[in-house]
Amino acid sequence: MRSPRRILKEANVFPIKQLGQNFLSDPFAAGTIVERCAISDKEVVLEIGAGLGALTFYLAQKAQKVYAVEKDLRLAGLLGNQLEKENVDNVILLKENILNIDVLKLYEEKEKKFVVVGNLPYNISSQILVWLINFREVIDRAVLMFQKELAQRIMSGPGCKDYGRLSVMLQYCSDIKRVARVKAHQFYPRPKVDSEVLKVDFSKTILDKVKDEKLFFSVIKAAFGKRRKTLKNALAGSELDFDANTILNILASADIDPVRRAETLTVAEFVRLSNRVTDYNSQGR
């Protein structure tokens with residue numbers, strides 16, 4: 001693994017801070033992350049933000065095929081040249097924004113669920129997580145590196161200040177565990193904070209399913225949209241378009257105190273609340 005500092009300097013390319021470009025520079029850390037992915041030689045990997053290939057080459061040694069996604073054409077060019085130089089023939093480089101990738105089409109070509117791997121930039125981590133949730137039918141698991149702050153939010157439970165929309169959405173449809181920690185000095189340029197690697201297993205069996213998943217996510221968004229307010233006030237003033245009396249009736253039918261706040265509800269309580277909203281809608285307003 002060549003130093004990202006040297007690669008960038010030789011190519012006269014500079015990291016773009018706005019894109020959150022911090023490149024993993026420690027080969028031991030890169031190897032450890034890939035080992036924790038537990039990838040077999042029959043699996044297909046979708047790598048988000050391949051960058052200069054810190055993980056790509058290790059992934060290629062393990063997987064049947066790797067789709068390496070990199071939207072920065074400067075980095076994609078450097079990575080493509082290196083892949084060709086080292087005769088790596090099981091990596092397909094996609095010069096795209098991951099949010100624009102037709103992942104269902106890729107799945108149809110291989111008919112294998114993806115293992116998603118990536119070092120997610122902080123500025124679009126939330127968007128990518130929602131994207132993953134929406135396409136989880138073709139994703140077996142994801143091993144993702146986040147800034148420590150966001151990783152803590154994802155792992156947090158009810159009653160914690162970090163518990164929020166992403167916590168509930170991911171904990172509803174996946175099992176999550178921390179698999180590695182990466183210090184700031186193991187990146188170039190060095191970020192201000194450490195990172196954590198989480199494994200998100202989408203093969204989880206959901207025992208308590210919601211009746212309408214799209215509505216479920218809307219209820220979560222509305223509840224946390226004004227998290228300092230009580231549930232009654234947060235939901236009544238949201239895009240759900242219910243008046244205060246209707247919200248009180250729905251909360252009562254879900255056996256949830258209207259003066260509670262969103263961060264106190266368990267995932268199961270959000271499921272129950274969402275199902276009561278679905279029942280109310282089906283009965284006609």
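The shortest side-chain heavy-atom distance between Y172 and F270 does not fall under the 4.5 Å cut-off. Looking at L83 and F57, their side chains come closer than 4.5 Å, going by heavy atoms from C-beta outward. With contacts defined as side-chain heavy-atom distances shorter than 4.5 Å, the pair E149/V193 does not qualify. Using a 4.5 Å cut-off on side-chain heavy atoms (C-beta onward), E263 and R227 make contact. Using a 4.5 Å heavy-atom cutoff, the side chains of N275 and V210 are in contact. By the 4.5 Å heavy-atom criterion applied to side chains, M169 and L129 are not counted as neighbours. L273 is listed as a side-chain neighbour of L235, based on a closest heavy-atom distance under 4.5 Å. Considering only heavy atoms from C-beta on, L166 comes within 4.5 Å of L150 through its side chain.
To the nearest 0.5 Å, atom OG of residue S126 and atom CZ of residue F146 are 9.0 Å apart. The CD1 atom of I33 lies 5.5 Å from the CG atom of L55; values are rounded to the nearest 0.5 Å. Here K199 contributes atom NZ and S174 contributes atom OG; the two are 11.5 Å apart, rounded to the nearest 0.5 Å. Between the NZ atom in K161 and the OG atom in S156 there is a gap of 9.5 Å [rounded to 0.5 Å]. The CD1 atom of I98 sits 12.0 Å away from the OH atom of Y67 when rounded to the nearest 0.5 Å. Summarising the geometry, atom CD belonging to E213 is positioned 15.0 Å from atom NZ belonging to K211; distances are rounded to the nearest 0.5 Å.
Between the T56 side chain and the L52 main chain, no donor and acceptor come within less than 3.5 Å of each other. The backbone N or O of G164 sits less than 3.5 Å from a side-chain atom of S167, completing a donor-acceptor pair. The backbone N or O of D162 lies less than 3.5 Å from no partner atom in the side chain of R153, so there is not a single donor-acceptor pair. Checking side-chain atoms of K204 against main-chain N and O of Q171 turns up a donor-acceptor pair under 3.5 Å. Side chain of E269 to main chain of D255: no donor-acceptor pair is present (N/O by atom type, distance under 3.5 Å, no hydrogens or angles). A distance-only check finds no donor-acceptor pair linking the side chain of D41 to the backbone of K62 [under 3.5 Å]. Of the possible polar contacts, none joining the Y280 side chain to the I247 backbone as a donor-acceptor pair under 3.5 Å is found. In this structure, E70 contributes its side chain and G51 its backbone to a donor-acceptor pair below 3.5 Å. Not a single donor-acceptor pair under 3.5 Å links the side chain of R178 to the backbone N or O of Q152.
Between D194 and K183 there is a salt bridge, since at least one side-chain N of the basic residue sits less than 4.0 Å from a carboxylate O of the acidic one.
Both L99 and L120 are part of a single hydrophobic cluster, where members link through side-chain heavy atoms under 4.5 Å apart. Residues I139 and L104 fall within the same hydrophobic cluster, defined by Ile, Leu, Val, Met, Phe, Trp and Tyr side chains chained together at heavy-atom separations under 4.5 Å. The hydrophobic cluster containing I101 does not contain L19, counting ILVMFWY residues as joined when their side-chain heavy atoms lie under 4.5 angstrom apart, directly or transitively. Follow the hydrophobic side-chain contacts under 4.5 Å out from V88 and you reach L59 in the same cluster. In this structure, V34 is a member of the same hydrophobic cluster as L79, with clusters built from ILVMFWY side-chain heavy atoms closer than 4.5 Å.
Residue K113 qualifies as enclosed at atom NZ: its count of foreign heavy atoms under 6.0 Å is above 12. Other residues, nucleotides and ligands place more than 12 heavy atoms under 6.0 Å from the CZ atom of R74. Counting non-hydrogen atoms of neighbouring residues, nucleotides and ligands closer than 6.0 angstrom, the CD atom of E84 reaches no more than 12 such neighbours.
The shortest non-hydrogen separation linking A223 to A234 is O-CB, 3.9 Å. A pairwise comparison of heavy atoms in N22 and N119 identifies O-ND2, 3.4 Å as the closest pair. Of all non-hydrogen atoms in T230 and R261, the two that sit nearest each other are CA-CG, 4.2 Å. Minimum heavy-atom separation, P158 to T266: CG-CA, 3.8 Å. Taking every heavy atom of both residues into account, P15 and L8 meet most closely at CG-CD1, 3.9 Å. Taking all atoms of both residues into account, the shortest heavy-atom contact from P4 to F23 is CB-CB, 3.8 Å.
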Between V219 and R276, is a side-chain contact (heavy atoms from CB on, under 4.5 Å) present by the stated rule, with each step listed?
CA-CA 11 Å; V219 169; R276 296 294 81 77; over 6 Å; no
I'd like to know whether K71 forms a salt bridge (Lys or Arg N to Asp or Glu O under 4.0 Å) with E96, so could you lay out the CA-CA distance, the side-chain angles of the two residues, the decisive distance to 0.1 Å, and finally the verdict.
CA-CA 4 Å; K71 73 175 184 177; E96 297 275 356; over 6 Å; no
Between S195 and F187, is a side-chain contact (heavy atoms from CB on, under 4.5 Å) present by the stated rule, with each step listed?
CA-CA 10 Å; S195 294; F187 293 89; 3.8 Å; yes
Give the intermediate values and the outcome of side-chain contact (heavy atoms from CB on, under 4.5 Å) for residues I92 and K65.
CA-CA 8 Å; I92 297 176; K65 186 179 289 290; 3.8 Å; yes
Take Q186 and F28 through the test side-chain contact (heavy atoms from CB on, under 4.5 Å) and record every step on the way to the result.
CA-CA 10 Å; Q186 293 172 293; F28 178 78; 5.7 Å; no
Evaluate the criterion side-chain hydrogen bond (donor to acceptor under 3.5 Å, both in side chains) for residue pair Y107 and E137; output intermediate values, then yes/no.
CA-CA 10 Å; Y107 172 74; E137 64 185 272; over 6 Å; no
Decide ring-ring contact (aromatic ring centres under 6.0 Å, His included) for F114 and F135; before the verdict, give the C-alpha distance in whole Å, the side-chain angles of both, and the deciding distance to 0.1 Å.
CA-CA 10 Å; F114 295 105; F135 287 106; over 10 Å; no
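Screening K112, E43, K42 for a side-chain hydrogen bond (donor to acceptor under 3.5 Å, both in side chains) with Q64, the sole residue that qualifies is K112. If you run side-chain contact (heavy atoms from CB on, under 4.5 Å) between I250 and each of I256, D279, L240, V277, only V277 comes through. Of the residues I133, V138, N134, the one that meets the side-chain contact (heavy atoms from CB on, under 4.5 Å) test with R136 is I133.
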